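Structure first, commentary second.
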Amino acid sequence: MEKASNLDSKMYVLDTNVLLHEPLAYLSFQEHDVVIPMTVLEELDHIKDRKHDVSRDARVAIRGLDEVLKDATPEQMLKGVALPSNKKAKASSAGTLIIVNDHLFADSISGLPGNENDHRIINCAVHLQKQHPNSKVVLVTKDINMRLKAKGAGLKFVEDYRTDQLIDDIALLSSGYKKIAGDFWQHVGECETQQHGRDAFHKVAKSLIPDVFCNEYLLDDNGHFAARVKSYDDQHIMLKDIGVERLMHQSAWGVKPKNIYQGMAMDALLDTGVELVILTGPAGCGKTLLALACALEMVVEKGIYDKVIVTRNTPEIAESIGFLPGTEEEKMAPWLAAITDTLEVLHKGDENPISSRNYIMEKANIQFKSVNFMRGRSIQNAVVILDESQNLTASQLKTIITRCGEGTKLICSGNLAQIDSNYLTPVTSGLTYIVERFKDFEGSATVNLNGVVRSRLASFAEENL
């Protein structure tokens with residue numbers, strides 16, 4: 001460990017939960033030294049054989065560490081083995097990976113009881129801080145309580161692992177639309193307009209709205225102008241003129257938008273050129289209702305798609321659908337009650353809403369599927385509705401998105417204020433991840449449904465509780 005001896009050097013001590021969150025996290029620290037305490041290896045060893053998603057991450061982390069250390073001698077492991085470059089980090093890494101036997105350190109260093117793994121890892125970091133006073137020793141953990149305890153034990157630098165976070169604050173998450181002050185046309189100088197059938201396209205200067213992305217909606221304060229970004233380059237933006245009145249007069253399966261946000265959502269949902277639609281927003285803003293109404297319209301009325309597949313994670317971090325009796329669809333029915341409730345709402349004017357619901361479920365070929373049975377499938381010519389997607393990780397969402405074959409439309413909906421997973425926050429949720437990753441993909445659109453339309457009771461609760 002001689003390398004850690006000058007003021008500029010940093011040593012990052014990784015906690016087990018960092019490697020479970022991102023198995024190759026040790027490649028993300030560029031030119032700095034990464035320390036893996038022996039206790040972390042023991043925890044990974046205990047976790048690797050469990051029947052959970054986290055076990056797969058533990059095995060990936062162990063295999064990755066073995067790949068780096070396989071040719072190293074015990075002496076080299078203690079001094080540091082050069083890390084390979086990480087393509088995701090976009091920088092060549094000159095750092096080293098060090099394995100430290102923290103069982104050799106006295107418990108009295110940090111003052112914490114030594115019979116807990118968290119305390120052993122903190123103890124290791126405090127020992128290294130004393131051993132290398134000229135280096136910045138940083139404990140990296142996703143455990144908030146462990147960060148507090150480490151500071152209390154005298155560790156100067158403690159951090160969360162944020163390398164995979166695309167935004168620092170959920171307030172910075174794209175809403176999928178921009179509002180322009182005043183009248184839009186007063187801001188526009190030269191404008192080239194093209195007519196394609198009933199659609200008008202305007203070519204405006206990029207300087208008007210410098211930070212746009214594909215399929216982003218533009219609204220002005222006058223309440224008449226509405227457009228969607230079709231394409232752009234360094235000089236110009238091509239806008240599809242939709243108009244607020246046209247947005248508000250859309251209809252799908254008898255459902256009409258109640259506000260401009262629902263209008264933008266329906267425009268994206270009914271556009272077959274948009275293969276991924278991401279709907280975010282508070283409870284009661286109409287995400288599930290709009291998704292299902294538009295899916296039924298495109299499957300039953302227009303015949304564009306063959307079926308509707310509805311899926312969501314089950315509460316145990318999408319690892320099990322439990323021991324409820326029946327087939328997969330019958331097991332999933334309680335978790336997807338929001339869908340059956342919505343179908344009843346769509347047919348509440350019928351003489352027998354339940355019979356209508358059952359008839360439409362058969363007519364539209366609505367299938368309830370579990371997320372953990374999606375791997376390996378190839379879904380063709382269907383509308384896939386992924387409900388409650390805020391509780392999924394980025395890797396789980398990737399599994400579902402990569403299942404979508406030719407002619408399939410995926411609708412992801414979720415409320416980042418209602419995350420049930422113990423391991424996710426609004427910033428690290430897979431929903432946040434795909435909003436940021438797909439925002440400049442010409443085949444996707446994001447709409448934040450700002451405003452509760454369920455009831456005044458729900459609206460008050462969303463704002464005040």
Side-chain angles (χ1 to χ4, degrees), residues 12-30 34 40 43-44 47 52-58 60-61 64 86 88-90 118 121 138-148 150 158-176 276 278-283 287 312-319 371-372 386-402 410 412-441 444 446 448:
Y12 289 96
V13 181
L14 302 192
D15 187 18
T16 312
N17 52 41
V18 174
L19 294 175
L20 295 176
H21 179 78
E22 174 58 65
L24 302 180
Y26 50 84
L27 298 177
S28 301
F29 293 90
Q30 298 179 17
V34 178
V40 170
E43 286 196 318
L44 289 174
I47 292 168
H52 298 292
D53 269 6
V54 73
S55 304
R56 183 185 66 245
D57 295 327
V60 172
N86 181 11
K88 286 186 180 179
K90 296 181 181 177
D118 283 0
I121 297 166
V138 184
L139 174 63
V140 184
T141 176
K142 298 203 70 69
D143 185 337
I144 298 170
N145 197 48
M146 188 174 175
R147 294 202 292 268
L148 294 172
V158 186
E159 294 179 5
D160 187 7
Y161 180 73
R162 297 181 180 274
T163 307
D164 64 331
Q165 294 183 14
L166 302 179
I167 55 172
D168 295 324
D169 189 336
I170 202 64
L172 302 173
L173 186 66
S174 170
S175 63
L276 171 64
I278 305 166
L279 302 179
T280 62
K287 301 183 295 293
R312 61 159 285 181
N313 74 309
T314 45
E316 298 131 340
I317 332 293
E319 290 164 4
V371 165
N372 47 317
L386 177 56
D387 207 18
E388 302 293 335
S389 54
Q390 76 275 6
N391 288 315
L392 293 171
T393 64
S395 62
Q396 288 169 338
L397 273 167
K398 181 180 177 181
T399 298
I400 295 162
I401 293 171
T402 52
L410 175 62
C412 294
S413 66
N415 176 12
L416 289 163
Q418 292 186 344
I419 293 178
D420 301 318
S421 170
N422 297 333
Y423 303 103
L424 294 175
T425 65
V427 174
T428 59
S429 167
L431 180 61
T432 301
Y433 196 81
I434 62 166
V435 168
E436 286 299 301
R437 278 281 185 252
F438 281 89
K439 70 179 182 182
D440 209 23
F441 173 53
S444 76
T446 299
N448 179 257

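Counting begins at 1 with the first residue of the sequence. All heavy atoms count here, side chains included; hydrogens, waters and symmetry mates do not. Note that the structure is predicted; figures quoted are calculated from it, not measured.
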Check whether any side-chain N or O of T141 sits under 3.5 Å from a backbone N or O of R147 as a donor-acceptor pair, and report yes or no.
no
Would you find a donor on one side and an acceptor on the other, under 3.5 Å apart, between the side chain of K287 and the backbone of P282?
yes
Test log, rule side chain to side chain contact (heavy atoms under 4.5 Å, CB included), inputs L416 and L173:
CA-CA 11 Å; L416 289 163; L173 186 66; 3.5 Å; yes
Interatomic spacing from CD1 in I401 to CG in L276 - rounded to 0.5 Å
5.5 Å
Paired with S413, the side chain to side chain contact (heavy atoms under 4.5 Å, CB included) test is passed by just one of L431, L386, L279, namely L279
Does the side chain to side chain contact (heavy atoms under 4.5 Å, CB included) test come out yes or no for L44 and T16, once each step is laid out?
CA-CA 7 Å; L44 289 174; T16 312; 3.9 Å; yes
Any side-chain donor-acceptor pair under 3.5 Å between T428 and T425?
yes
So, does E159 use its side chain to make a donor-acceptor pair with the main chain of V138 at under 3.5 Å?
no
Test your reading of the model: is there a side-chain donor-acceptor pair from K439 to the backbone of T446, 3.5 Å cut-off?
no
Between atom CG of L392 and atom CG of L397, what is the distance when rounded to the nearest 0.5 Å?
5.0 Å
Students often mix this up, so state it plainly: with edges at 30° and 60°, are the rings of F29 and Y161 parallel, tilted or perpendicular?
tilted
From I434 CD1 over to S389 OG, what is the distance, rounded to the nearest 0.5 angstrom?
6.0 Å
